[in-house]
Structure formats: C-alpha cells, structure tokens
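Below: the structure, in structure tokens.
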Amino acid sequence: MGQGLEKGSVRYSAQVVIIGGGATGVGILRDLSLRGISALLIEQGDLAHGTSSRFHGLLHSGARYAVKDPISAAECIQENAILKRIAPNCLVPTGGWFVQMPGDEMDYMEAWLKGCQTANIPVREIPVQEALEQEPLLAKDVLRVFEVPDAAVDGFKLVWDNAKSARRHGGRYLTYHRVNEVLRDGERVAGVQGENLLTGEAFTVDSLIVVNATGAWADRVAATAGASLDVVCDKGTLLAFNRRLFQRVINRLRSPGDGDIFVPHETITILGTTSDRVDMPSDHQPTAREVQRLLDLGETLLPGIAGKRVIRAFAGVRPLHREDRELAGSFDEEEGREVSRTFAVIDHEAEEGIKGFLSVVGGKFTTYRLMAEKASDWVAGKLGETAPCRTAEEPLLPAFPEHLRQEALALLPCAAAEKMLERLGQEAVAVLERIREDPGKGQLLCECEMVTVAEVEKAVADPDAHHLADVRRKTRLGMGTCQGAFCTYRALPLMWREGEKYDPLGRELVRFLNQRWKGIRPILWGEQLRETEFTRAIYAGLLDLQDNKTITE
Amino acid sequence: MWDGLVIGGGIAGLMAGIRAQERGKRVLIVSEGTGSLAFASGGLDFGTVEQLRKIERHPYALLGETVEEAFAYFLQCCPSYHGAWGRTGMALTPLGTLRAADLLPEGLDASPLTHANRIVLVVPEGLKDFFPEVVKANLQKQFISSNIQLKRIRLKEFADWQAIGKPIPDTVYAKFWCSEQGRETLKNLIGEITRKMVSDSETLVFPGLHAAACPEVEKILAQAPLPVVEMTSFPPSAAGQALYDRLRGRFKALGGELLIGSGVERVEVESGQARRAIVKSKGKEISFTAKVFVLATGGFFGRGSVASSTEVRETVLGLPLYVPPEWSESRFLGEQPYAYTGVEVDHSLHPCDPVTGKVLLENVFVVGRMLAHWDPWVGHCGGGVSLSSGFLAGGLL
Amino acid sequence: MNRRYVRRDGDRQADNKLNLDPARGEDGMHLDACIKCGACTAQCPVAAVYPLFPGPKSVGPDAERLRLEGIALAPGCLAYCTNCKTCEVTCPSGVCITDMILQVRRQEQEAGTGKAICRLGMRDHLLGRAEYLGRLGTLWPPLANTVLGWKITRRLLEKTLGISARAPLPRYGRKFRTSDIAPVVGKTQSHGETESYGETERYGQSEEHGRGKTEHGCRKTEPSDRVKTDRKGRSTQKVVYFPGCFISYNDEATGQAVVKVLEHNGFEVIVPGFHCCGVPLTANGRFREATANAQHNLGLMQPYLEQGIPVIASCTSCGLALKEDYPRVSAPGAQRIGAQTYDLFEFLWVLHERGELRKDFREVQASLAYHAPCHLKAQGIGTPSVRILRLIPGVKIQELDAGCCGLSGSFAFKAEKYELSLQIGSTLFQRVQGGVKEKAFQAVATECGGCQVQIEHGSGAPSLNPVWVLYQAYGLGISSAIG
C-alpha cells in the first residue's frame, strides 16, 4: 500500500488516477509526481507483473526499427541515451550486435545502415574474426557484424525504481487492486471503482482525470467508460537459458522476425520472441510448439542451441495499437509484428467526447518514459499545471556512495555484495546493518542468484509484498538454475514469520511452485527435467506436501 | 570377467550388488557420482502395496511376493532400521509435519510424540535449513494437547561458524555428535533436560543428530530416560548419507568393488547379449566385461533416461522406452505423466520390447527408477520398488 | 556505475581467451548439468571442517555462472581448496568442479589478485617445487633429514616460511636411479631431429634391445599388441615409468620394487629424466611452471608414445596429471598421453584380464586395510590394486572407505592448514586405529606416498605401497611393513 493512504479506507481521492502498474503507468506516476500533481496508481496485481517484465529485457538502440519504422528508431535512440543517464542501475550497457548470416538479404543491410544513419544511431562494424573471438558461441558462418548501443534492462527494477521515486515525490500506488469501472459524471470521468483483491473490499477513487495505461487490457478498461480502442493482443514467447551464452545483445540483421534476439540478462540469456495473435491479455502460457520454434530459429545464430540448458519459458502479451484505421486492411491481422510499435496517446474527448479520460497504448518498453511524458503533458495541460517534465534529467535513484560497496564487500561474498548493490542501491544500507547485527542474516538463501536472508527479509517486510512471487520479482529469488527447488523452502518461513501472513504449509508454497511450474512445463527436458525430479522429490517426497485441487488457484 | 556389473550406485543398484555378492558372485558397481540416497530422508516408502499391485503394469504387479521378501531382507542388512510389514510408521519432515514411512532408522520414528504431553524441541544454533518456529507451529498443530518448548543450544565447537553466520549442515552436526567431545556434550544435554523434566511423558525432538550413523550415539540414546525423536532433513541429508554409507560399506565388506566418479558410457551388445561396459575414465575409455548387467541408472534423475526437446532415450543400452502420450500436468505436486517413462520388463526384470513384449536381452536386468509405469511421489513407493527390484536382480544375477 | 561496465568489459576479454580452449570452455565443464543438489559440498573434506571455505558448489558452478556475467569471486576464497577432487567424484551430474576452480585460480594468478602476502608467496614457491627440494634433500639425505628433524629448524621454517613445525615432512632418501644407466637416447633419427632427451634410465633387457627398437613406426598399440619376443624367446615389451617426486626423492626403494615387478612380468622399463609432473606447482598457483614441466616431460615421452609404449605411473597424483592435465598442454604427445597412461595396478589388471600377468605367487600372510587415494578415485578406474592383491594367496585386504587423509600434496605442510589437515583425516585415522587395535589388519596399503606419510603421522599405523605385497609374492624380496 502506498504511503499516505489509511489502511482500511475504501474511498480515495487524487487529481489523477492511473490504471495499470506497468512501465508506462509508473512512468506517468513519477512524471506527474515530479510536477507536483497528485496521482494515484491502481494495479490489479504486483507492479511489473505483466508485459513490463515479460519481455526480453532489451533496451533498444532503435536499430531494429531502422528500416521499417524510422520514427520508432529515432525515439528509441533518444530514450536509450536518457535511460542510460537516469537509470544506470537498472541496465547494463552490454552493447548489441546486428549480425548478417548467409541468406540474409543484402538490400536489407544497406537500407538498415542508411536507416541507422538517419535516426542517428551510431554503428560500428566489427571484423568477423574479432567478433568470433569475443563471442565464441556465435555461428562461425557469420558474414558481417555491426555494433550498436543496445543494452540489457531489468523491467522489474526499472518499474519499481520509478514507483519508489514517485513515492518520494508524493505519488501513491495500490497493488492487488482491480478497477472494475471507470466512473462517469456526465461527459466527464469522475474516478474509478473496483475491488481490493487481497481483502475483497470495494474501493472508489474520486479524480478529475483517469489515465488508462493498462496495456493489453486497455480496450476492456476503456469500454467501462463507454470508450472504444482497437488493441491487438500479441503474445511473444521467450526462453531463459541457464547462463550467459553471449556477452552482448545479438540481433539478426534482417527484417525483424521471430527468434532473432538474444539478450544477456544478469546470469542468464533470453532468446525471443514469437509473435502470435491471442484473444485475451491473460493468454500468456507459452506452448511447446512456440518453444520448439524458438530453438529452431535460434540455431542459426547459436549452433547447438538445443544442447544448452533452458530453465524456463515465459510469454508476454504486447498491446499493439492499430493506429491508422484507414490502413487496417493493408496488413495481415495475424501478423502482429506488422502493426506499428509507435505508441499512441488517445484523448477520448477528441475521439468520443469523454472528458478527462486518456488512454496510452502501443509503444515499447524502451520508450516508456517518452510515452509517460506525452501523457503527463496532456494531463498537466488539462489541469492547467505548468511545471515542465523533469524525468529526462532527474535520476531514478540517487547514486550510492562508493563506501557502501566497500562495506558490502566486507560483509558478504563478492558476488553477493555486487548483486545486492545492483538490486538495492542505497537501500542496501538497511540490509547491511541487519547483517552486521546478525552475521547469520548474511547467509545465502538463494545460492543460484546469491540473495541473502537479510535481503529477502527486507523484501518480505515491504508492505507491497503480498506473495512469494512479489518477493521474487524484487530479489530474483527462485529465478536461477534450480528455479526455486531450494529457496522456496527457505523463503517461506520468512514470509510467515514477518507479519504472519501465511501458513507455511498452505496455499502459498503450492502457489509459488505451480507458478514456477508454468514456465518449466513447456521446456521439460534435459537438465531441467532432472531438476524437476529433484524438486518433486523434495516437495512431494521429503516434505510430503499435497496439492489439493482446491488450493491450486 | 565379472559375474555381475551393476550400472548405478543408488539404492536399487546397491541392493542388487549386496545380494549377489552375498550369494558368492563377484560384482562391480559403476556409479556416475554419489547415488540419490544422499538426498533422501533416510526413511523408505513402500506405499500401499496391495493397491499398487492391482495397477496394471506397476512394478509391484510384476514383483509379487518379492516386495515383502525385500522388506525383510533390508531389515536384516540394516539392523538399525525398524519397520513391520503392513504397518506404516511416522517420521517428522523438516517442516515438523508428520509423514508416513515404512522403514525408518530407529531415531526417526516419531511415534513417541503421540503420547507426549511435553515436547522439547532442541534448536542447535545455526543448523542449516532448519526453521524452529515453523517446526514448533506445526508440532503444535498436530499435537494440540502437548506443551511444546524450544531448547536452544550453542556449541563452542562451532564458534567459527557462528562468527561468520555460516549455517552448519546437518552432516557436520551429525559428525560432531559422533565425536568423543560430541558424545560428552550430548550426555550432559540430555541430563540437563531430564533434570528439568516435569512429567514422565516427555519427548525430545532433536534435529541434526542422526544416531544411525554412529553406534556410540545410539547407545547414549538407548540409555536416555526419555525418548529422542530425530527429524528428517533437507537435502543433502545426514540420514540419507548414513544409509548410503551403510549399504556401500556392506557391499564392500562382502568383497564388492564400487567405482564412483565415472559413469558407464555405453554397454556393447554382441549376439543378443550385453558384453562390455565402457567407462569413460580419465584419459581413456576402459571396458569391463561381465556375465550379467543390472541397469540401475536411476531414470531421468540419474540420467539413465535422457529427454531432449524432441526425443527420449535410454542412455546406456539404447533400450526402447515406454513414453506416455502426455508429458506433464498443471499441478506440480500432482500426477506427472512423464514420471511413468521407463523400460518395460518381464517378471524376471528382463527388458522387453514395449510393442511386441519380446525379451530383448537375456543377461540384463532393469531395476529401480528405470522401470516404467510408476511414480514414486504419487505412489509413495520409491523405496519399495527400488529395494525389491534390486533385491530380485541380485538374486537372479 | 560506469565503473562496473569497465570491469565487466575487462573480464570479458579474459573469458574469451579461456573459452577458446575447447577442453576448458563452459560446455566442456558441464556447467549446465549442475542441478544444485549440494552433494559436492556435503562431501567436501575441507568445507566440513573449515567454515571459511565456501565449498565446491559455491566456488565452482555457482560462481561460474556469475563469472560469465563478469562478477569475480572474492580473491582468496579458493586458497583452501586442496584440489582433492572429491567433489568431482561425488557429483552425480558430471560437473567439472575442480576445472572451474582451477580456471579461476589461474585467472587470479594472471590478474595478480590472488597474491598472498609475501612470506606465504615464498612458501608456496618452495612447496610447489617438491622437485628442487627433493634434489637438495637427496644430495646428502642423512644431513637433510637430520637438519629437518631438528625442532629448531622446523620452528624456523614455520616462523620464516609458514611451513608447519608439526607437519609430517617426508624424509629424504637416496635419489631414485639405477646403476644400470643406459646411453642417452636421442630422438629417433628417422624423425630427423637431434635434440637430446636428457638423462634416461633403462631397466631390464635394455642392453640388448636398446635404441634400435625405438625406431618403430607410430602404430597405436594396446599392451598385447606389443608382445614380441627376441631370439631367446624373451619378451621385448617396453614401458615408460613415471616415478614422480615422492619415489624419486623420498622413497626410491618403492620405485625399485615397481621396476622389479614390471620386469618380472617381462617388461623393459624406461625411465627418462622427468621433471616433477606439475601437480604441486598447480596446487600452489604456479600454472606457467606446471605447464612448462608438462611440456618438458611430454617431450621426453613423445618418441615412446609414438611407438604406442605405455606410460606407467605409480603415484596416483602424477597419474591423474598425465591423464587429465597433459592432454590439454600444447606439446607433441599431448594427444596420446591420456590414452597411453596407466596407473601401475590398472596396467597390471589389464595384463591379468588378457591372461598376461604372471601368477607365480607365493603365499603372503598379510592382513591389510586399503586406503584409496583421492587422486586414484578421480581417475575413474576403481581400485585395481585391491583386485590384484586379492589374487595373491594369503592376502586379506579390506577397503577403509573413510575419505581423504587431509595431506593433499603440500596442503598439510602449511602452518595455517596443518590442524585442518588432521581434522580432515580424523575419520580415516580413527578407523585405522580402531582396526589395528582390533587386529583387523596390520598395516594400511595405499598407492600415494603422501597418504602413507599422513596416515602414519595421524594414526601411528604402518603404511606401505601395495606394490610391496606383489613384490614379496613374486619372491623378489621381503617387505618390512608386512614382515
């Protein structure tokens, strides 16, 4: 629960309600808060639990859009530079390569180079020999290699850092609150009403303006206010490999297609994506067919990919906006990738005469800040506020002092210290204090991703942590090789102890295991199958836990 | 030339080796690493044998009376274990809940708890993967009328561990209790708790003790004025390790040889007979010839079967496998079809063609997790199937 | 934050250099196979007694994933790994844990981050060179042993160099050599090279079947393929013997016994002037020198390897190095050495299986316990010496199966690690003492000289190389340890 909200209160008010706690929503929350506008964000799950974390974690340089979508390309390279400045702790400037393979069209490469030049994306050619030395797993028959300023970005971290920054400036958010209806007062919107999913209580928010930033849910939310939107739900499936296969982002230098991006992410590598039209935003279960397709496609860039360990598959649903309705017939409806990825900020007053209601749809993670800026400009205009946007200059988190690193290194194994500082920044102070008091808290609860007991305790104690999965998103707990085989058992007692939220044997453990299982089922072979046998031996055998159907959901 | 070559050093393989060696055969066990016993609780499950036997193609249906014989034989091999055919015992899980088990080392038997009106839970400081509050809460839930108390102990011998906050594995604790110093400490501790006893129906719950690994500790507990109940532990577990050590020691004492560290790459077949096991030792492949081979390679976990995204295969002999039409189910802890993958066999454990039912190799026996049509975690019969198939193979070898 | 990028970038360069070596690449080390079961750390002899050592899982596969991301282990973490390889033997997944650890050590060494304080640097420098110490010691063994026997010397050594005053430094003996020194063998002329191999010793029928016989082609041969007989019907098979430092400087008598046993089986034994195999150098972080030694030794072996002549090691650590490390060295012969190296008893067992082992055994009344050295286990060949000894009438031998002795090359000699080494070996010592007390056995047989020294030091029971039992059974002489 956000600060400044009384517990148990079911009526809130704010100048602006933002629906949706993805990157766009928290971006707007932060932007408005920095301008001194009172805003409340409502999210039906945990922040960043949706599309904003269900992507490949690539911070585009724009080069991928250089040929087909020059506007996107230009936006991306600008935002890329801005985010590197304001959110250095959320991303790793790995750099990225575009590699041309035999059979890839020469024409495309020329158009691409031209497009990059137009969009001001710096490109440097890397001699093939040098490239193969730097990335030994890259296919040996690669023809040309170009370097661009792609980077890896952590969706969870970026969203949470936006939320925390907003909170420091008075922004508020409510998680596990679902909006059922956007309320109207004649022509104007008057706020929203919905349900607290944790308690079942109804709530209402009074506001002058409602911003719909619900991504793939946007058309459904708009409909409750009587507005219409045309959003295509496009499922993209991705694979997470056990370790770093490449040290930088690897793109295929051809018309963007399926399975042609590898992104190194923390300890793992992500391969994406597929693109399939789905009916519902909640249709994000990856299928074995999509997984096989990704492996087949990935083989071109990474020969022998089938032998590399996949630790899970996941999928996100991209909300694509059919911007230009007149062109609706000109592209294949089944091919989500053909829809423009440039975002749209839709003023429903202009479209349908509903005042104070704005929808932000389309776009991509890399340009979330720009979308938020445009939306916030609109909101500020409506409210007559004149303070300018500051999100392009103001860093998300204050930089942590170097002595903090030294302190962390003195108390923790090197890797654990580095990982913790990456995740927490200055907030690590509290964790270090805890470890100094009790060295036992410095033990590693998650050995794969090196997460200490103290850090998990901190995440658990956060009032926003309601489920083990919420803790996972903040700490990377259960996201490494063993996918929770050990840390689930170790973390649950902490959740239970802190505030006695859960019965240690109850639904929470089974729920978490089942959530992890969703991502493992489509890749149930090889070492992850062994890991599964081991995990079942622990939970179904040793601990003798039962999954009664009643507690599955 | 060996009489028998057992591929796989888990419980099924060791059982086969022990029985055959006892029958005067010369047996070599080749094992990729430590068997899965080191991760097990130390207790062995048989499940509801009568019901499982009725399930068509379940290993119990093939093994018949052997299951009961194996049960008795195991007790003979491991005298520190307790169990009675047809009567299931209870052990404490690491969470402090009760769990059924059919064969248990004496210390793990949790039955004294049922009539204890006071339970003292020993909390050895820093014991890894042990959460006393959770255990206490769960004990309280199950023994509503008992008074449950925590007794924290901090040992100066582990000062170095505590100073850096490093959790102490239960294998390390168990080793300490077995040392001369540890035994003295244990005696004093039990004495201290006994002196404070307020009623005559008290029970001590003592994690990280694992008396089964150490006869001297067993002696101390036998003389204690109150029952001491141990706990199973999170892997790797001292109790599982103790069982592994016990079986391995017995096999070696009988003259068997155990080669750990390099698995069998493949077994060469000549004119319908398995002939030679090829072991990838350091530097070169070496081969061992044997009259009979026992395939105890532990299913997917032991890598006796390997699945890729497109196929499933048996790794050593290339035997055909039964592969279920569906692969997995949505509830993680529920039934999982993939677990039923394995080699189909006849009543003598010879591998058979799943289509024709024809015996494929007369001098190969398939045991344990390599057998098709069972899931240890749904049938709660992991110990039973492994023991009895291993026992049968050891008798036939 | 830029700082991090720079650091990662720097690490990336180092990674790539290593990954180019296919044997050492991440795939070759089976990182993906790790299922985090923790069996390695549970079995690690050091982690069980020394909390500051994070254990093989942590410094091996766990750290490797992070290393690939560019986050290095804290320097010094690895100092307590004894390279006993128990973790690798234990691992049910085939993960090359010690390879990962050695790779990091090597990186630390190259980056200079793992550098210990100066005094210990000197100590590691010395202990890594068992060979030079050995050469010194064997110049005049009585003097060396006397001086090293003085308490004052040992206290001085501890004070100045950090070499434990209580550790069981092995005694020096006469240097292993034979009176029967053959002429120096040059590379065969058919190869058109002239470089000399240094001193080479030959045993057996070397006078009659000297250099000419070494000029056969490069046919790859199994032991039985090489059975040839000379005009008198005697076998002319040859083997190269790699004695190792312990035999060379501390226990030359056992070396002689090995040679006699091989000769008894009709082999001509060739002993070129090998240097130390490199294991102690590696263990003390002297990777470059270890490689140089390997190259030197491979150079000496190369002509024999080409003829398919097997190389026999009686020291299990030397044997492991020859089988595992040498094939990775870039030198002629590296491709062959792995497949052509045999542990002595492994070799004898191969002979036995082919019906070529002489079985003219006399009865030997010996009741022995057998300790399998860690580096024998790591070879993955089982316990062939037990198999062989059980062929001898009268011999009773029972495996102790009580884990590592704790000596681990020079680990126990270091002042700060001496106590630890005794703790590591305590289970073994107790089992030995118990067995001797109950008269279950009279002595401990084990191939490794270091294990022998440590077992005697820790338990007080006599120990011997199992070759002595065979030596006695063949009627070649009487071994004092079994009487």
Side-chain angles (χ1 to χ4, degrees), chain A residues 285 288 291-292 295-296 306-307 310 411 435 438-444 452-453 485-486 489-490 492-494 496-497 503-505 509-510 513-518 520-527 529-549 552, chain B residues 36 39-41 43 45 93-101 125-126 128-129 131-134 137-138 141 162-167 232-235 237 240 298-303 305-312 327-334 336 338-339 369 375-378 380 382:
Chain A
Q285 173 67 30
V291 168
Q292 193 56 49
L295 287 178
D296 292 345
V310 184
L411 285 168
I435 297 170
D438 178 359
K441 301 293 183 195
Q443 65 177 270
L444 298 179
T452 60
V453 172
F486 286 81
Y489 167 77
R490 291 173 185 153
L492 212 69
L494 301 181
W496 174 72
R497 218 181 286 169
D503 177 335
L505 294 181
L509 217 156
V510 173
L513 287 171
N514 279 337
Q515 279 171 352
R516 297 276 84 194
W517 181 231
K518 263 188 197 168
I520 296 170
R521 280 185 71 196
I523 51 105
L524 192 60
W525 70 76
E527 303 299 345
L529 175 56
R530 287 181 72 215
E531 195 78 65
T532 296
E533 275 283 85
F534 191 38
T535 313
R536 286 185 84 221
I538 293 173
Y539 292 92
L542 188 67
L543 301 180
D544 202 27
L545 287 171
Q546 315 284 331
D547 182 359
N548 303 321
K549 277 202 167 101
T552 305
Chain B
S36 46
F39 316 114
S41 66
D45 298 334
T93 70
L95 290 169
T97 50
L98 284 173
R99 164 199 202 291
E125 176 154 333
K128 192 173 185 184
D129 292 330
F131 304 105
E133 288 80 7
V134 178
N138 281 319
K141 211 187 278 178
Q162 281 142 5
I164 58 167
K166 182 155 172 170
T232 60
S233 52
F234 207 66
S237 94
F300 288 119
F301 184 72
R303 288 210 279 218
S305 309
V306 165
S308 71
S309 64
T310 49
E311 54 155 21
V312 185
W327 197 235
S328 68
E329 293 283 343
S330 63
R331 288 178 311 129
F332 179 68
L333 298 172
Q336 294 299 343
Y338 79 80
R369 203 64 190 92
D375 181 346
W377 317 122
V378 171
H380 300 288

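Convention: sequence-line order gives letters A, B, ...; per-chain numbering from 1. Scope of the values below: all heavy atoms of this structure, side chains included, with no hydrogens, waters or symmetry mates.
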Smallest separation among heavy atoms of A:Leu542 and B:Thr93, with atom names:
O-CG2, 3.5 Å
To the nearest 0.5 Å, atom OG of B:Ser330 lies from atom NZ of A:Lys518 at 9.0 Å
Could you report the tightest heavy-atom contact between B:Ala307 and A:Trp525, atom names first, then the distance?
O-CB, 3.6 Å
With the side chain counted from C-beta on, respond yes when B:Leu95 and A:Tyr489 share a heavy-atom pair under 4.5 Å apart, and no when they do not.
yes
Looking at B:Val378, B:Leu98, B:Asp375, B:Thr310, which makes the most heavy-atom pairs under 4.5 Å with chain A?
B:Asp375
Below 4.5 Å, heavy-atom pairs only: which of A:Gly307, A:Ala288, A:Gly440, A:Ala537 has the largest tally toward chain B?
A:Ala537
Do the non-hydrogen side-chain atoms of B:Ser36 and A:Phe534 ever get within less than 4.5 Å of each other?
no
Test your reading of the model: is there a side-chain donor-acceptor pair from A:Arg530 to the backbone of B:Val306, 3.5 Å cut-off?
no
Is any side-chain heavy atom of A:Asp544 less than 4.5 Å from a side-chain heavy atom of B:His380?
yes
Nearest 0.5 angstrom please: B:Thr232 OG1 to A:Leu543 CG, how far?
7.5 Å
Heavy-atom nearest pair, B:Pro235 first then A:Phe486, reads O-CE2, 3.7 Å
Is there a side-chain contact between A:Arg490 and B:Asp129, using heavy atoms and a 4.5 Å cut-off?
yes
Any ion pair linking B:Arg369 and A:Glu533 (charged N to carboxylate O, less than 4.0 Å)?
yes
Relative to chain A, which of B:Lys166, B:Glu329, B:Lys128 shows the most heavy atom pairs under 4.5 Å?
B:Glu329
Taking the side chain as everything from C-beta on, heavy atoms only, tell me whether A:Thr532 gets closer than 4.5 Å to B:Gln336.
no
Which label fits A:Tyr539 and B:Phe234: parallel for a plane angle under 30°, tilted from 30 to 60°, or perpendicular past 60°?
perpendicular
Report the option among B:Ser328, B:Pro376, B:Gly126, B:Ala40 that has the most heavy-atom pairs separated by less than 4.5 Å from atoms of chain A.
B:Ser328
Could you check whether any side-chain heavy atom of B:Trp327 comes within less than 4.5 Å of a side-chain heavy atom of A:Leu529, counting everything from C-beta outward?
yes
List the atom of B:Ser309, the atom of A:Gln292, and the distance in Å for their closest heavy-atom pair.
OG-OE1, 3.0 Å
Keeping A:Asn514 on the side-chain end and B:Phe332 on the backbone end, is there a donor-acceptor pair under 3.5 Å?
yes
Work out which heavy atom in A:Gln443 is nearest to a heavy atom in B:Pro167; give both atom names and the distance.
OE1-CG, 3.5 Å
One should read off an interatomic distance between B:Arg331 CZ and A:Leu513 CG, to the nearest 0.5 angstrom, of 13.0 Å
With a 4.5 angstrom heavy-atom cut-off, is it the side chain or the backbone of A:Glu531 that approaches chain B, or both, or neither?
neither
Part of A:Ile520 within contact of chain B (heavy atom distance under 4.5 Å):
neither
Which bit of B:Ser233 is near chain A, if near means a heavy-atom gap under 4.5 Å: side chain, backbone, both or neither?
backbone
A:Ile538 portion near chain B, given a 4.5 angstrom heavy-atom threshold
side chain
Compare every heavy atom of A:Arg536 with every heavy atom of B:Ala339, then report the nearest pair and how far apart it is.
CB-NH1, 3.9 Å
